[in-house]
Amino acid sequence: QAQLAESGGGSVQAGGSLRLSCVVSGNIFRISAMGWYRQAPGQQRELVANIISGGHTNYADSVKGRFTISRDNPKNTVYLQMNSLTPEDTAVYYCTADVRHDATSLLSYTYWGQGTQVTVSS
């Protein structure tokens, strides 16, 4: 079992910046991947960015060059630095982590945070 806690959301004007944080706690052997999704009202949940343990990253085309995902492995924490925000970035942002609970199993389990609201005004 693992728990994820997001923080750092809020309201900013277009062109501003925010940094989201997500801390994973619980029974953790290894976190293979961490990432961020977002969901705007009436829209599908979409991948924003993810990062694997070795540092390889992936970004949605809409945020490339503006957002940066990073992780602090000893702290089981993932960050999302968001720059040059636009109203189209307004959404609830969800942290996710793929967690292995012990060395005897190859399976990982996906956990989700409760979400943090990001609102960008024009």
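Remember, it's a predicted structure, so these values are computed and weren't measured experimentally.
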Nearest heavy-atom neighbours spanning Ala2 and Val24: CB-CG1, 4.3 Å
Leu20 versus Gly9, closest heavy-atom pair with distance: CD2-N, 3.6 Å
Candidate pair Asp61 and Tyr59, rule side-chain contact (heavy atoms from CB on, under 4.5 Å), full reasoning: CA-CA 6 Å; Asp61 288 341; Tyr59 296 93; over 6 Å; no
Tyr94 and Trp112 aromatic ring geometry - parallel, tilted or perpendicular at 30°/60° bounds: perpendicular
Leu4 reachable from Tyr109 in the ILVMFWY side-chain graph, under 4.5 Å edges: yes
Residue pair Thr68 / Leu80, side-chain heavy-atom distance below 4.5 Å: no
Contacts of Ser105 that satisfy side chain to side chain donor-acceptor pair (under 3.5 Å) - sequence neighbours left out: none
Qualifying residue for side-chain contact (heavy atoms from CB on, under 4.5 Å) with Leu85, from Val63, Thr90, Val12: Val12
Whether His101 side chain and Asn27 backbone form a donor-acceptor pair below 3.5 Å: yes
Val118 versus Met82, closest heavy-atom pair with distance: CG2-CE, 3.9 Å
Full working for side chain to side chain donor-acceptor pair (under 3.5 Å) between Glu6 and Gln114: CA-CA 7 Å; Glu6 303 108 327; Gln114 78 284 354; 3.1 Å; yes
Distance (rounded to the nearest 0.5 Å) between Phe67 CZ and Thr57 OG1: 14.0 Å
For the student: nearest non-hydrogen atoms of Asp89 and Arg38, plus distance: OD1-NH1, 2.9 Å
Passing option when Tyr37 is tested against Glu46, Arg45, Gln44 for side-chain contact (heavy atoms from CB on, under 4.5 Å): Arg45
N/O donor-acceptor pair under 3.5 Å between Thr96 side chain and Tyr111 backbone: yes
Side chain to side chain, Ser70 and Gln81, heavy atoms closer than 4.5 Å: no
Pair Asp72, Thr77: side-chain N/O donor-acceptor within cut-off below 3.5 Å: no
Asn76/Ile28 under side-chain contact (heavy atoms from CB on, under 4.5 Å): CA gap, chis, key distance, verdict: CA-CA 9 Å; Asn76 294 324; Ile28 301 169; 3.7 Å; yes
Any side-chain heavy-atom pair of Ser21 and Ser7 under 4.5 Å: yes
Nearest-0.5 Å distance that lies between atom CG in Asn83 and atom CZ in Arg19: 10.5 Å
Considering all heavy atoms, the nearest Ser108-Arg100 contact: CB-CG, 3.9 Å
Ile51-Val99 co-clustered via ILVMFWY side chain contacts under 4.5 Å: yes
Where Met34 and Cys22 come nearest, the two heavy atoms and their spacing: CE-O, 4.5 Å
Hphob cluster co-occupancy, Tyr79 + Trp36, side-chain heavy atoms under 4.5 angstrom: no
Given Asn50, Val23, Ile69, the one that forms side-chain contact (heavy atoms from CB on, under 4.5 Å) with Val78: Ile69
side-chain contact (heavy atoms from CB on, under 4.5 Å) assessment of Leu47 paired with Asn58: CA-CA 9 Å; Leu47 174 69; Asn58 182 63; 3.7 Å; yes
